[in-house]
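Quick note: residue numbers are just sequence positions, from 1.
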Amino acid sequence: MGMPCPSPGPASAEDDTTSTLGPLSSTSSSVRSLSPLRGSSPRHARPLSPTAARTLTISFFCAVLSALCAGSVTVFSLYGHIFQSRLRYSQFEVNGLASAASVAMYIPVPVLGYVCDRVGPAPLSLLSAVFFGGGYIAAGGLYRHAVQEGGGRGVYVEMVVSFVAIGVGTCSMYMSAVATCAKNFGKGKHRGLALAVPIAAFGLSGMWLSQVGSRVFYERLGDGLRGDVDVFRFFVFLGGLLLVVGLIGTWGLRVVDEEELIDEAVEELERSGLLDGSAFLTPGRMERGYGAVEESDPFEDMESAGILDPRKDPEEEEAARLKKKWVLNAETKRFLMDPTMWCFALGFFFMIGPGEAFINNLGTIIKTLYPPTLHQIGEPTSAATHVSIVGITSTVVRLLTGSLTDWLAPSPQTRHVQITSTASLLQRGGFSVSRVAFLLFYAVVLSIGLVALASGFIQNHGERFWIVSGLVGAGYGAVFSLTPIIITVIWGVENFATNWGIVAMFPALGATSWGLIYSWVYQAGAKAAAGRTDDGEEDLFCYGSQCYAPTFWAMAVSVWIACGLVLWAWKGRNGWAQRGIVV
């Protein structure tokens, strides 16, 4: 304590390339086992230097720490019903806050992903610290003021703005963590597990934060009784925690040997014939005229000139920067022009939206299972319990799918965009199970959980609600884990943050749409039960399966439609299977 921490710094490909790894810790060795040897060809196949291995280890643990705290927005159901009861918000208004966070968590992802690919993950982590700290502390202050004033309608717009900031912070911290692992471990034999670990940690964050909120930051009712979570104190805790974690990520998140990653991508694209090296002009070549003819490969000239050396001069740095920008832009264009990507993204939209809406509204769903009179003496189950169940099942399944797909699924030998055929397939003894098959299986699991709730099987039996929480948590976690893994396998890792950002934007619309539909059905059920159509205070709360059943039947159908879309992208005309793409 009090000792200065050495910065991990950028790791050069030239550091100690002929030396042995030296006496690194067992933890560092474990992390290195996830990483490939540098390079994709024999001339590049050499072990990581001690400096690079140390940077890789620090980056991995900073990424896991960031992901382990970034999912604070998933505990919304822990306090959503308190906004309804203390601030007198309607179900529409409560869902408005959840939707504001969801939209802000997904809509900026393409832009933030683009920035992450081009300037690195550290600036995104710094951005998350600012938005998280400001958002939660502002929301806590607004809540306290509203409770003192006897209602929160006067500060509703300001509360929405606070949750927008929280959503942007979530997006920034999550993207910086996942992109770091995707690029550092994209070619290792455990590529799926390396990517699943931060994704699983993100799911686990909801579990441990909900337990902290309900067991540490709770209201004291006297006689040793615990009340609901103390929203003000909990929000201040989250703001301070995430501010510190964001600053740690700013220091520790690094991509090792990114220059080499770009060079490998250039080689892959040139071999495929999709990239004409003469199309890329360095500043020096531009000066020789538009029509100048170059007989040599400009990228080989760059290497021989030492452009990738960390001691390059400003002109060479600019050439390397232009090279990276040009390659990433070319890959973004190719990604957007792939019809199967849009089909896959639309399937993700129909799959993940129901899961997001279920998690956001879990607290109010539980309140509908029993008559209001039972609320006074306590229910057989609680929102915190099921937020934890969703978190645990989601985490376990994310790790499981990452490990199983590493073991059973076919893998291309490249970590870049797949162009043509199964020639690059890494054989697994003749037996393999596609990652898409895993995705479809867990999507069906998700739909079974939705059907179990919609059927009325849980009504008046809160002790059975774990079945729904477990199935939805497992399906949601697997879909959110497998989708970015499939993107790295098909479209490569060097432009991963941009590609994943484009696809991850779709759930914002799904979560918002289903949240609004659930709210409309809930309010209609409350009015029907009250026997009138006005908006009186008694209409704020709903009891019975009519409050949610139509919504969740529709959600199940949505997931089945999603399965059809993903299946078409995989097996349909000009799909991945027909094009010989290994997935």
Verdict with supporting geometry, Met173 and Val245, side-chain contact (heavy atoms from CB on, under 4.5 Å):
CA-CA 9 Å; Met173 188 171 285; Val245 171; 4.0 Å; yes

Where do Ser66 and Gly249 come nearest, in terms of heavy atoms and distance?
OG-CA, 4.4 Å

Would you say Phe358 and Phe552 make side-chain contact, with heavy atoms under 4.5 Å?
yes

With rounding to the nearest 0.5 angstrom, report the CD1 to CZ distance, Ile487 to Arg435.
13.0 Å

Val472 and its side-chain contact (heavy atoms from CB on, under 4.5 Å) partner, picked from Ile448, Leu446, Leu453
Leu446

Phe344: which of Trp570, Phe349, Trp576 passes ring pair (Phe, Tyr, Trp, His ring centres under 6.0 Å):
Trp576

Flag the pair Leu440 / Val444 as yes when at least one side-chain heavy-atom distance between them is below 4.5 Å, and no otherwise.
no

Any side-chain heavy atom of Val566 within less than 4.5 Å of one from Met351?
yes

Within-4.5 Å side-chain heavy-atom neighbours: Pro110 and Thr498
no

Given the rule in the ring pair (Phe, Tyr, Trp, His ring centres under 6.0 Å) test, do Trp514 and Phe350 qualify, once you have shown the distances and angles that lead to the verdict?
CA-CA 10 Å; Trp514 285 116; Phe350 282 115; 8.5 Å; no

Using side-chain heavy atoms (C-beta onward) and a distance below 4.5 Å, is Asp117 in contact with Glu494?
no

Does the side-chain contact (heavy atoms from CB on, under 4.5 Å) test come out yes or no for Glu356 and Tyr476, once each step is laid out?
CA-CA 8 Å; Glu356 292 269 0; Tyr476 174 84; 2.9 Å; yes

Work out which heavy atom in Val178 is nearest to a heavy atom in Ile199; give both atom names and the distance.
CG2-CG1, 4.1 Å

Between Ala200 and Thr395, the two heavy atoms sitting closest are O-OG1, 3.3 Å

Please determine if Arg579 and Asp338 form a salt bridge, counting it only when a charged side-chain N lies under 4.0 Å from a carboxylate O.
yes

Using atom types as modelled and distance alone, determine if a side-chain donor or acceptor of Ser513 lies under 3.5 Å from a backbone N or O of Gly510.
no

Thr393 side-chain N/O to Val390 backbone N/O, donor-acceptor pair under 3.5 Å
yes

Can you find a side-chain donor-acceptor pair between Asn574 and Thr340 that sits under 3.5 Å?
no

Closest heavy-atom pair, Leu127 versus Ser172, reported as atoms and distance to 0.1 Å, is CD2-OG, 3.6 Å

Rounded to the nearest 0.5 Å, how far apart are SG of Cys116 and OH of Tyr114?
13.0 Å

Parallel, tilted or perpendicular: which one describes the rings of Phe335 and Trp491, with boundaries at 30° and 60°?
perpendicular

Would you check if the side chain of Ser59 reaches a backbone N or O of Leu56 as a donor-acceptor pair within less than 3.5 Å?
no

Heavy-atom distance under 4.5 Å between the side chains of Leu68 and Phe202, does that happen here?
no

Can a side-chain donor-acceptor contact be found between Asn329 and Arg118 if the only test is distance below 3.5 angstrom?
yes

Roughly how far, to the nearest 0.5 Å, is OG of Ser394 from CD1 of Ile359?
7.0 Å

If I compare all heavy atoms of Arg398 with all of Gly477, which pair ends up nearest, and what's the gap?
CG-O, 3.2 Å

Can you find a heavy atom in the side chain of Pro354 that is under 4.5 Å from one in the side chain of Ser558?
yes

Considering the options Leu439, Ile485, Ile490, which one meets the side-chain contact (heavy atoms from CB on, under 4.5 Å) requirement together with Val583?
Ile490

Taking side chain as C-beta onward, heavy atoms only, is Tyr106 less than 4.5 Å from Cys171?
no

Exam field: side chain Thr57 to backbone Ala53, donor-acceptor pair closer than 3.5 Å
yes

Mind checking ring pair (Phe, Tyr, Trp, His ring centres under 6.0 Å) for Phe348 and listing every partner two or more places apart, or none if nothing turns up?
Phe480, Trp500

Hey, what do you get for CZ (Phe185) to OG1 (Thr488), rounding to the nearest 0.5 Å?
13.5 Å

Nearest 0.5 Å, please: how far is CD1 in Ile166 from CZ in Phe76?
9.5 Å

Donor-acceptor pair, distance only, cut-off 3.5 Å: does the side chain of Ser205 make one with the backbone of Gly71?
yes

Okay, side chain of Asn184, backbone of Arg254: is any donor-acceptor separation there less than 3.5 Å?
yes

How many angstroms lie between atom CZ of Phe131 and atom CG of Leu126, to the nearest 0.5 angstrom?
10.5 Å

Donor-acceptor pair, distance only, cut-off 3.5 Å: does the side chain of Trp553 make one with the backbone of Leu450?
no

Quick one: does Ser125's side chain have a donor or acceptor within less than 3.5 Å of a partner on Ala122's backbone?
no

Just do the side-chain contact (heavy atoms from CB on, under 4.5 Å) check on Val197 and Cys181 with the steps written out, would you?
CA-CA 9 Å; Val197 167; Cys181 289; over 6 Å; no

Okay, side chain of Thr405, backbone of Gly402: is any donor-acceptor separation there less than 3.5 Å?
yes

Heavy atoms of Val559 and Ala443 approach each other most closely as CG1-O, 3.2 Å

Show the numbers, then the answer: is there a side-chain contact (heavy atoms from CB on, under 4.5 Å) between Val397 and Ser481?
CA-CA 9 Å; Val397 171; Ser481 176; over 6 Å; no

